[in-house]
Amino acid sequence: MPHRIAVVVLDQFAPLDLGVPGQVFRTAESSSGEPLYEVVTCSPGRAAVRCSAGYSVQPDHDLDVLDTADTVLLPGVHGGPALREGVIDDRLREALQGRPRTVSICTGAFALAAAGLLDGRPATTHWRNAAHFARLFPRVKLDPDVLFIDDGDVLTSAGVAAGLDLCLHIIRRDHGSEVANRAARRCVMPPWREGGQAQYIERPLPPPTGNGTAATRTWMLANLQAPLDLEALAAHASMSVRTFTRRFREETGMSPARWLSRQRVEHARHLLETTDLGVEEVARRAGFGTAVSLRQHLHAAVGVAPLAYRHTFRRT
C-alpha cells in the first residue's frame with residue numbers, strides 16, 4: 001500500500017506550502033508506475049481553514065486520520081497562536097504525539113515546537129522568523145541557516161523552496177535517488193539541494209569584484225575524481241586563494257572544502273544506488289581516493305558504511 005502522508009492545515013496557512021506535498025509526493029512512482037504515496041488533508045474538526053491569501057479550503061478529514069498516517073506534515077502559517085505565542089490547542093497537541101514521522105515546512109515548525117516535539121532536537125524554520133522562534137522555544141536547537149534538517153523521525157525545513165527540497169529528500173530517503181530524480185523531473189526542479197546548504201538570507205554583501213565562482217563550481221562537479229586543492233580552484237577562477245575562498249563562502253554559505261566534500265558524498269551515494277561498481281571504484285570516481293576515506297565520509301553524512309547504504313537504498 002502507498003505510504004500515507006497526512007497534511008494538517010491550520011488557520012492562516014501558507015497556500016503554497018499546502019500545495020507542495022500533494023504536488024511532489026504524487027509524482028513519486030515505482031518503476032511499474034504505481035504511486036508510492038497517498039496524500040490526505042485534515043484540519044481540527046474538519047473545519048474550513050482560511051489562508052493568508054484570502055480564501056478558505058475544506059479538508060476531507062479531521063485529526064482522526066492521523067491515526068492511519070505514516071507521516072504527518074504541517075505546512076507553514078502566516079499567523080495564528082502557534083506563530084504569535086507558540087501555543088496550540090490541546091486537541092492538536094495530543095494528535096501530534098507519537099507519530100512515526102513528523103515533518104514541517106517553513107513556520108510549520110512553530111506548531112511542532114508548541115507540541116513539544118522539537119525540545120532538545122535540531123530544527124530549522126524560515127530565517128525571518130528565527131529570532132522569534134528562538135525566544136518562544138529556547139529548548140530547541142535551532143539552526144536558522146540551513147535549508148532543512150533530517151533528525152530521523154522529525155524533519156523541518158525553511159521556506160517554500162526548501163519544502164520542495166525536503167519532500168524530494170524524503171522520497172530519496174524512502175526509495176532512493178532514481179525515484180526521487182524522476183519525481184524532480186516531473187516537477188521541473190533540480191533533483192537535490194542538500195539540507196546543509198545555506199538559506200538565501202538577507203545579509204549585506206560586498207560590492208562585486210569580478211566574476212563569481214559559479215563556473216568553477218560547475219568545473220568542480222565535472223572533475224570530482226581529480227585532486228582539487230584550493231590553489232587549483234583559485235587558478236581556475238582567476239582569483240587569489242584568499243579572494244576565491246571569500247567569494248565562494250559568500251555565494252554558497254560554506255567553504256570550498258566543505259562544499260566539495262558534500263558533492264563527492266552525493267555522487268558516491270548516486271553511484272552506490274544506481275551502479276554495481278565496487279566500493280574502491282566508487283571512492284575513486286567520487287574523488288575520495290580510497291574505500292577507507294569514502295567509508296569515513298559516508299558514515300559522517302548518513303551514518304552507514306557504503307555496502308550497508310547500497311543494501312538499503314538500491315532499488316532493482
Check the side chains of T68 and R4 for a donor-acceptor pair under 3.5 angstrom, ignoring hydrogens and angles. yes
Positive for side-chain contact (heavy atoms from CB on, under 4.5 Å) with V241, one of L233, D229, L230: L230
Decide side-chain hydrogen bond (donor to acceptor under 3.5 Å, both in side chains) for S52 and Q12; before the verdict, give the C-alpha distance in whole Å, the side-chain angles of both, and the deciding distance to 0.1 Å. CA-CA 5 Å; S52 57; Q12 294 298 304; 5.4 Å; no
Mark yes when over 12 heavy atoms from residues, nucleotides or ligands other than E85 sit less than 6.0 Å from its CD; otherwise mark no. yes
Sorted by chain and number, sequence neighbours left out, salt bridge (charged side-chain N to carboxylate O under 4.0 Å, His left out) with R185 holds for none
Restricting to pairs with a member in residues 231-258, which pass ring-ring contact (aromatic ring centres under 6.0 Å, His included), not counting sequence neighbours? W219-H236, F244-F248, F248-W259
Please tell me whether S177 and E273 have a donor and an acceptor in their side chains that are separated by less than 3.5 angstrom. yes
So which residues get pulled into I88's cluster when ILVMFWY side chains under 4.5 Å apart are joined, directly or through others? V8, L10, V40, L63, V65, L66, V72, L74, V77, L83, L92, L96, F110, L112, L117, L118, F133, L136, F137, V140, L142, V154
Using only heavy-atom distances, determine whether the side chains of Y55 and R50 contain a donor-acceptor pair under 3.5 Å. no
Just checking, is any N or O donor in the side chain of S240 or T243 under 3.5 Å from an acceptor N or O on the other one? yes
Would you please name every residue forming a ring pair (Phe, Tyr, Trp, His ring centres under 6.0 Å) with H3, sequence neighbours left out? Y37
By ring pair (Phe, Tyr, Trp, His ring centres under 6.0 Å) - contacts of H61 (at least two apart): none
Hydrogens and angles aside, do T27 and R186 bring a side-chain donor and acceptor to less than 3.5 Å of each other? no
Sequence neighbours excluded, which residues qualify as side-chain contact (heavy atoms from CB on, under 4.5 Å) partners of T218? none
Hey, which of D153, D67, T71, D70 is the one that makes side-chain hydrogen bond (donor to acceptor under 3.5 Å, both in side chains) with R99? D67
Test item: D62 and S43 side chains (from C-beta on) under 4.5 Å apart, heavy atoms: no
